[in-house]
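Reading through the structure tokens given below for one structure.
Convention: sequence-line order gives letters A, B, ...; per-chain numbering from 1. Heavy atoms only: backbone and side chains are in, while hydrogens, waters and symmetry mates are out.
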Protein chains: 2
Amino acid sequence: MAGVHPSTVSRVLRGKENIPIPEATRQRIKKAAKDLKYLPDERARALRLGKSHTIGLVVPDISNVFFAEIAKSIEIESYKAGYTLVVCDTNEEQEKEVHFVNNLISRGVDGLIIAPVQDSDGHIFDLKEKKYPFVLIDRCFEDMEANAIVSDNEDAAFKAVAYLARLGHKRVGFLSGRQNIYTIRKRLAGYKKAVEEYNLERNEALICGNGFTFESGYEATLEILSLPNPSTALLISGNIITLGAIKAILEKGLNIPDDISMIGFTDNIVSPYLVCPLTTISHPLREMGKKAFDLLIKHVESKDNLPFTEEIIKTQFHVRRSTDRVLSQVEAAW
Amino acid sequence: MAGVHPSTVSRVLRGKENIPIPEATRQRIKKAAKDLKYLPDERARALRLGKSHTIGLVVPDISNVFFAEIAKSIEIESYKAGYTLVVCDTNEEQEKEVHFVNNLISRGVDGLIIAPVQDSDGHIFDLKEKKYPFVLIDRCFEDMEANAIVSDNEDAAFKAVAYLARLGHKRVGFLSGRQNIYTIRKRLAGYKKAVEEYNLERNEALICGNGFTFESGYEATLEILSLPNPSTALLISGNIITLGAIKAILEKGLNIPDDISMIGFTDNIVSPYLVCPLTTISHPLREMGKKAFDLLIKHVESKDNLPFTEEIIKTQFHVRRSTDRVLSQVEAAW
DNA sequence: CCGTTTGAGGCAAACGATTGTAACAAGAGT
DNA sequence: ACTCTTGTTACAATCGTTTGCCTCAAACGG
């Protein structure tokens with residue numbers, strides 16, 4: 001429409017280049033571009049340039065606020081940095097994760113941020129081998145060197161159980177998520193360490209559950225509540241699980257915190273407004289997202305092989321009514 | 001590596017085509033592909049084929065469970081149908097929406113599903129003009145013919161207010177979200193209709209708020225509560241707003257439902273477990289997502305110009321304790 | 001023994017943008 | 001008048017696939 005060669009259009013629209021093009025032509029091209037609502041074909045550009053300005057994010061459940069927050073912060077960072085984010089939801093299915101990782105590579109994303117399902121790690125090793133830039137978030141593989149931004153789950157679990165111990169609790173239950181997952185293993189480790197240190201009841205039956213669903217939280221809580229000696233407090237590994245637990249507790253006609261105290265892993269905007277305002281551990285999700293993005297971009301934009309970075313971020317503890325000190329427990333403590 | 005021309009590789013790996021290729025060669029190529037962990041370059045394929053098997057989803061806030069649920073269901077459908085979903089979060093910012101829509105088109109997505117910010121609609125008209133397949137979800141433009149899957153907000157609001165009226169409430173407040181948005185306008189219409197029909201108090205001061213944030217819900221509720229005659233019930237347009245409202249109510253030392261009843265637009269997994277189990281209107285989000293996807297794909301895969309489809313889906317009403325009948329109100333009703 | 005079919009797979013163009021180089025013209029210098 | 005700049009813009013190759021067409025050789029028929 002401007003009567004010039006595509007290469008000239010490219011030079012004008014892309015701006016840079018030292019090749020001088022007279023203002024008259026520039027204007028003609030720009031006008032034509034605007035009139036035609038011309039949008040460059042990013043796939044062609046990516047093909048030619050070997051760079052897509054796109055990064056992929058793979059999470060196990062986007063409908064869980066935990067990952068939705070992470071996704072949101074990464075999205076905001078990418079937008080600011082001129083990258084487009086492609087979010088994929090694996091639904092905690094390993095097969096889907098492999099599919100998405102391959103798919104994202106196929107479409108030429110410049111890098112990946114992954115919160116892996118952790119049923120296997122072959123595809124992650126492949127990434128390392130291909131020297132494809134990636135960052136693990138929230139969950140990492142302990143036997144693999146890689147970029148990772150995680151929170152200090154072990155420390156958080158330890159402190160939470162310690163807090164309960166100091167309130168006088170002797171039997172603390174642990175509602176677990178899927179047990180092969182990094183965060184859960186760490187939390188369990190912290191739990192066990194505190195159980196040792198404070199000499200709480202050691203009983204495998206107090207460790208219950210294997211899944212991040214509402215039902216799994218519900219079932220696991222019922223199991224713990226029907227023990228001969230149910231726990232007087234629960235440490236709960238996930239916000240959806242927490243709701244299942246609440247359902248079980250209410251159904252049993254019990255009261256929080258009078259009959260049972262609760263601490264939830266992962267704080268969110270509703271935590272203060274639940275049936276009983278929930279004491280929680282909050283992960284700095286926005287910060288984690290930003291750090292993961294910055295780290296990824298550093299690797300994407302550097303030509304040389306940067307060393308891997310692994311960062312463990314401290315969590316915060318929010319005390320609310322679900323761990324109010326209860327008379328009978330205080331007595332027991334003395 | 002297999003010592004054959006790329007075209008032969010393509011024919012073998014793509015399967016189809018009637019050109020016969022001997023089994024020996026086939027195996028050689030497949031083995032090489034596996035050994036090399038060959039992944040086809042989707043951008044090159046998309047460029048050549050004019051089809052990317054990708055669709056774009058543009059939502060105003062992915063960290064809101066409402067949209068996260070929609071995203072999840074569309075993601076599941078796309079996966080099943082062999083499409084990849086690219087999710088973009090506009091953060092309720094018009095500028096970002098325009099950016100994302102253009103960006104998605106640039107990268108050659110086959111179609112778009114959009115829950116628009118609705119501060120403007122020029123870019124949506126552009127899509128129509130270019131005959132680009134798209135489906136609006138949750139929010140549509142009343143003066144524009146387009147594919148849309150929305151829920152019946154007017155009906156839902158009417159029924160909610162009617163329910164409150166029958167409980168004896170005379171002054172019902174409406175906590176609004178951003179008022180230029182389709183859903184909000186429809187809800188407001190339903191609210192006003194019920195106010196007329198049941199002869200409730202007509203007072204613009206009872207309609208309050210303009211935003212989907214926690215703070216906006218908090219502020220608006222404080223305003224209503226500090227009226228000379230505060231409302232005895234609230235209809236609340238969004239789950240984050242609801243939490244802000246609860247904060248305000250609790251801070252004022254009021255009780256739900258004794259001092260004030262509440263009905264929340266949009267149900268979610270926590271609704272039954274809030275300080276006071278919340279009566280809600282639920283939108284069939286999974287169904288909406290699936291319908292939007294199916295409709296989009298129908299348009300994407302049809303060569304001819306299909307007529308636009310607009311579907312309004314009924315909501316459901318969940319009665320919980322936040323609308324328990326309260327003595328003083330019952331008396332007032334008689 | 002020669003022409004024709006068939007099997008096997010290579011060639012080349014195309015998708016749209018980018019970029020090093022070439023080409024052409026006008027003007028400057030000698 | 002002729003070369004040499006310099007300014008302006010076109011050409012062509014490239015990225016990785018796909019696909020219509022072509023080629024080449026072997027096999028086959030008469």
Side-chain angles (χ1 to χ4, degrees), chain A residues 1-54 82-84 102-110 130 132 300 303, chain B residues 1-54 82-84 102-110 130 132 300 303:
Chain A
M1 175 164 165
V4 296
H5 194 268
S7 58
T8 311
V9 176
S10 172
R11 291 194 237 260
V12 168
L13 263 36
R14 234 30 72 204
K16 53 184 175 184
E17 290 236 24
N18 40 3
I19 298 188
I21 289 164
E23 201 50 32
T25 313
R26 298 194 105 86
Q27 291 311 324
R28 203 152 30 92
I29 291 174
K30 283 185 181 167
K31 181 166 185 323
K34 180 168 281 179
D35 289 353
L36 294 168
K37 296 186 180 159
Y38 166 80
L39 290 174
D41 186 315
E42 290 296 337
R43 11 189 239 271
R45 295 195 68 207
L47 192 57
R48 176 64 230 253
L49 298 174
K51 175 126 214 280
S52 63
H53 283 277
T54 303
Y83 280 80
T84 299
N102 286 337
N103 185 279
L104 288 167
I105 293 177
S106 270
R107 48 193 354 112
V109 298
D110 297 332
K130 288 184 205 158
Y132 214 98
V300 165
K303 303 120 212 44
Chain B
M1 176 162 162
V4 295
H5 194 267
S7 58
T8 310
V9 176
S10 173
R11 290 192 241 260
V12 168
L13 263 36
R14 235 31 72 204
K16 55 185 174 186
E17 290 236 23
N18 40 4
I19 297 190
I21 288 164
E23 201 48 35
T25 313
R26 299 193 107 84
Q27 291 311 326
R28 202 151 33 92
I29 291 174
K30 284 184 181 168
K31 181 165 184 321
K34 179 168 282 179
D35 289 352
L36 293 168
K37 297 188 177 156
Y38 167 81
L39 291 174
D41 187 314
E42 290 296 336
R43 6 188 244 271
R45 294 195 69 207
L47 192 58
R48 175 67 230 252
L49 298 174
K51 177 133 213 285
S52 64
H53 283 277
T54 303
Y83 280 80
T84 299
N102 287 338
N103 185 277
L104 288 167
I105 293 176
S106 270
R107 47 192 357 111
V109 298
D110 297 332
K130 291 184 203 159
Y132 214 99
V300 165
K303 303 119 210 46

(message) Tell me every residue that passes side chain to side chain donor-acceptor pair (under 3.5 Å) with Ser106(B), counting only those two or more places apart in sequence or in another chain.
(response) none

(message) Would you say that more than 12 heavy atoms from the other residues, nucleotides or ligands in this model lie under 6.0 Å from the NZ of Lys31(B), or not?
(response) no

(message) Using every non-hydrogen atom in the two residues, find where Thr54(A) and Tyr83(A) come nearest and quote the distance to one decimal.
(response) N-CD2, 3.8 Å

(request) Determine the minimum heavy-atom distance between Pro40(B) and Arg14(B), stating which atoms define it. (result) CB-NH2, 3.9 Å

(message) Using the side-chain contact (heavy atoms from CB on, under 4.5 Å) criterion, which residues pair with Val4(B)? Sequence neighbours excluded.
(response) Ala2(B), Thr8(B), Val9(B), Thr25(B), Arg28(B), Ile29(B)

(request) Considering just the side-chain nitrogens and oxygens of Arg14(A), establish if one lies under 4.0 Å of OP1 or OP2 belonging to dT18(C). (result) yes

(request) Could you tell me whether the phosphate oxygens of dC15(C), OP1 or OP2, come under 4.0 Å of any side-chain nitrogen or oxygen in Arg43(A)? (result) no

(message) Checking Arg107(B) against Thr84(A): is there a side-chain donor and acceptor pair closer than 3.5 Å?
(response) yes

Shorter than 3.5 Å, N or O on both sides, protein versus nucleotides 6-11 of chain D: list them out with atom names.
residue, atom, partner, partner atom, Å
dT9(D), OP1, Thr25(A), OG1, 3.2
dT9(D), OP2, Thr25(A), OG1, 3.0
dA10(D), OP2, His5(A), N, 2.7
dA10(D), OP2, Thr8(A), OG1, 3.1
dA10(D), N6, Arg11(A), NH2, 2.6
dC11(D), N4, Ser7(A), OG, 3.2

(request) Calculate the interatomic distance between Leu49(B) atom CG and dG16(C) atom P; express it in whole Å. (result) 12 Å

(request) Return the value, rounded to whole Å, for the distance between atom CD of Glu23(B) and atom P of dA8(C). (result) 11 Å

(message) Let me check the geometry of the helix from dC1(C)-dG30(D) to dT30(C)-dA1(D). What is the bend angle between the axes at its two ends, five pairs each, to 10°?
(response) 80°

(request) List in numerical order all residues of residues 29-41 of chain B for which some heavy atom is under 4.0 Å away from an atom belonging to DNA chain D. (result) Tyr38(B), Leu39(B), Pro40(B), Asp41(B)

(message) For Tyr132(A), give me all partners under ring pair (Phe, Tyr, Trp, His ring centres under 6.0 Å), at least two apart in sequence or on another chain.
(response) none

(message) Side chain of Leu47(A), heavy atoms from C-beta onward: which of dG16(C), dT18(C), dT17(D) has the nearest atom to it?
(response) dG16(C)

(request) Give a yes or no answer on whether the side chain of Arg26(A) reaches the backbone of Val12(A) with a donor-acceptor pair at less than 3.5 Å. (result) no

(message) Between Ser52(B) and Ala46(B) (side chain of the first, backbone of the second, donor and acceptor by atom type, cut-off under 3.5 Å), is there such a pair?
(response) no

(request) Evaluate the criterion side chain to side chain contact (heavy atoms under 4.5 Å, CB included) for residue pair Leu39(A) and Lys130(B); output intermediate values, then yes/no. (result) CA-CA 12 Å; Leu39(A) 290 174; Lys130(B) 291 184 203 159; 4.2 Å; yes

